[in-house]
Amino acid sequence: EETNNDILQTLCSKARLVDASRLIDVMARRNQIPHFPSCTNLIRGLIRMDRIDKAAKVLKVMVMSGGVPDIITYNMVIGGLCKKALLRSAIDLLEEMSLSGCPPDVITYNTIIRCMFDNGNFDQAVGFWKDQLRKGCPPYLITYTVLIELVCRHCGILRAIEVLEDMAIEGCYPDIITYNSLVNFSCKLGKYEDAALVVYNLLSRGMEPNAITYNTLLHSLCSRGYWDEIDEIFTIMKETSHTPTVVTFNILINGLCKYGLLDRAINFYNEMVSQNCLPDIVTYNTLLGALSKEGMIDEALQVLHILSGTSCSPGLITYNTVIDGLAKKGLMEKAKEVYGQMIENGIIPD
RNA sequence: AGUUGCCUGUCUCC
């Protein structure tokens, strides 16, 4: 046991986390008790590597061995399970928490509610939330922010705004994120009158739209090609303290590309560079997709080549984008070549 | 300290 724990610590410190998790399995089978702090570090590391399955297993061994993981580690594992849509496992773990001496907190509940919501299990999410209220949990802003979209979806924007007002009466003040969620939802439905109503409401509460509010509007307007309105908002952003961000430019570039207006998209690219707003990998992925679609294959390959070895190196989506573009033009040889580059650069295909 | 809520990019489905 002692020897194994020494090995465990060595593996953890050498970042050989999968090996370490196998060792934990072996130790568990031999009824050996793993060193708990190492377990915690291992769990967190495995989550960072997206190996939730392993992390959950180590957590289980730790608990069975009498260890009590801290709330943050638990929440991270539950969050990881939720991201993988393993809601059932997340709920099982939630139930084990209290038994293991580490009762769940708001963050645990919010994580689970969010997961139910994302999976379309709306009734389950609301039921779960009501259970919490019944148990005496005070209303939490983040929970409301997740659920307010449901009110909007089922009862309309006016009711949603009423709920926000009720929240404030209960001392739970909606913030800009809460309002942005509603702006986003309204925009997705193309209900710009509703979005405007939300903006008026946040203004009347002494808040201001932020860059994300504007970006949300821009994204929706872009998908519908409302260029005049887009121009107007972009101008407002430049005049206020909510300067366009890299996301703003990415939205505009993407919108123009989708409409085949690559030249105008490139103008925005130049504008962002000249304003010291650094393009990121999303910017390049967007442009690469457009170049490929327009048949500007050499240009695309050139950009790809330039990107390799910069701080903004091509990722999985970059390669997928270019390979897909080449394949759709029937250029299978070139596609395979790029695939080879991808492997060489250590990117694992999906 | 580190874990939960708002905006952008590829493919598939629509």
Side-chain angles (χ1 to χ4, degrees), chain A residues 40-41 43-45 47-48 55 69-83 90 102 104-115 117-118 140-149 172 174-188 195 198 202 209-223 233 237 242 244-258 265 268 272 279-290 292-293 300 312 314-328 338 342 347 349-350:
Chain A
T40 305
N41 285 328
I43 292 166
R44 294 169 179 215
I47 292 171
R48 252 176 267 122
D70 61 275
I71 183 74
I72 293 182
T73 304
Y74 258 121
N75 285 342
M76 287 172 72
V77 174
I78 289 188
L81 291 168
C82 285
K83 261 193 218 116
C102 177
D105 65 3
V106 221
I107 295 187
T108 324
Y109 291 121
N110 284 337
T111 306
I112 300 250
I113 287 176
R114 176 55 193 250
C115 181
F117 186 90
D118 285 343
Y140 291 103
L141 179 57
I142 294 183
T143 319
Y144 272 111
T145 301
V146 173
L147 294 176
I148 193 70
E149 187 185 309
C172 185
D175 62 12
I176 188 65
I177 297 183
T178 315
Y179 284 104
N180 282 343
S181 299
L182 287 178
V183 172
N184 190 33
F185 183 71
S186 303
C187 281
K188 271 192 198 139
V198 177
L202 73 89
N210 63 13
I212 294 187
T213 321
Y214 292 119
N215 288 343
T216 303
L217 293 166
L218 285 173
H219 180 233
S220 178
L221 294 167
C222 272
S223 67
I233 292 180
M237 288 182 83
H242 305 290
T245 65
V246 58
V247 175
T248 313
F249 282 106
N250 288 343
I251 287 167
L252 297 172
I253 290 171
N254 182 49
L256 290 164
C257 286
K258 287 278 139 66
F268 274 113
M272 79 191 283
D280 63 10
I281 191 61
V282 175
T283 320
Y284 290 110
N285 290 343
T286 306
L287 288 170
L288 282 168
S292 312
K293 211 177 354 159
C312 188
L316 178 63
I317 295 184
T318 317
Y319 286 109
N320 282 346
T321 304
V322 176
I323 290 172
D324 178 63
L326 291 169
K328 282 196 173 131
V338 174
M342 165 174 164
I347 308 283
D350 62 1

Short side-chain donor-acceptor distance under 3.5 Å, A/Thr178 and A/Ser181: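 Not at all, the side chains of A/Ser181 and A/Thr178 share no donor-acceptor pair under 3.5 Å.
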
Donor-acceptor side-chain pairing of A/Thr283 and A/Asp280 below 3.5 angstrom: yes

Select base, sugar-phosphate, or nothing to describe what [X] touches, counting heavy atoms under 4.0 Å on all strands.
X        : result
A/Asp350 : nothing
A/Thr178 : base
A/Leu141 : base
A/Lys83  : nothing

In whole Å, I'd like the distance from the [atom1] atom of [X] to the [atom2] atom of [N].
X        : N    : atom1 : atom2 : value
A/Leu217 : B/C7 : CG    : P     : 13 Å
A/Arg48  : B/U3 : CZ    : P     : 11 Å
A/Ile112 : B/G5 : CD1   : P     : 13 Å
A/Tyr214 : B/C7 : OH    : P     : 18 Å
A/Ile142 : B/C6 : CD1   : P     : 9 Å
A/Asn250 : B/U8 : CG    : P     : 11 Å
A/Ile148 : B/C6 : CD1   : P     : 14 Å
A/Tyr144 : B/U4 : OH    : P     : 22 Å

Is there a donor-acceptor pair closer than 3.5 Å between any side-chain N or O of A/Ser220 and the backbone N or O of A/Cys187?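 Checked: pair present.
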
Examine [N]: is either OP1 or OP2 under 4.0 Å from a nitrogen or oxygen in the side chain of [X]? Give yes or no.
X        : N    : value
A/Asn215 : B/U8 : no
A/Lys293 : B/G9 : no
A/Arg114 : B/U3 : no

Give the nucleotide from the list [options] with an atom nearest to the side chain of [X].
X        : options           : answer
A/Ile281 : B/C7, B/G9, B/U12 : B/G9
A/Ile177 : B/C11, B/C6, B/U4 : B/C6
A/Asp324 : B/G5, B/U10, B/G9 : B/U10

I need the minimum non-hydrogen distance between A/Cys172 and A/Tyr140, along with the two atoms involved.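 Minimum heavy-atom separation between A/Cys172 and A/Tyr140: SG-C, 3.9 Å.
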
Going by modelled atom types, is there a donor-acceptor pair between the base of B/G5 and the side chain of A/Asp175 at under 3.5 Å?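 Looking at the base of B/G5, it does pair with a donor or acceptor on the side chain of A/Asp175 (distance under 3.5 Å).
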
What about A/Thr286: does its side chain form a donor-acceptor pair under 3.5 Å with the base of B/G9? no

The criterion is side chain to side chain contact (heavy atoms under 4.5 Å, CB included); which residues satisfy it with A/Ala290, sequence neighbours excluded?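 By the side chain to side chain contact (heavy atoms under 4.5 Å, CB included) rule, A/Ala290 matches A/Cys257, A/Leu262.
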
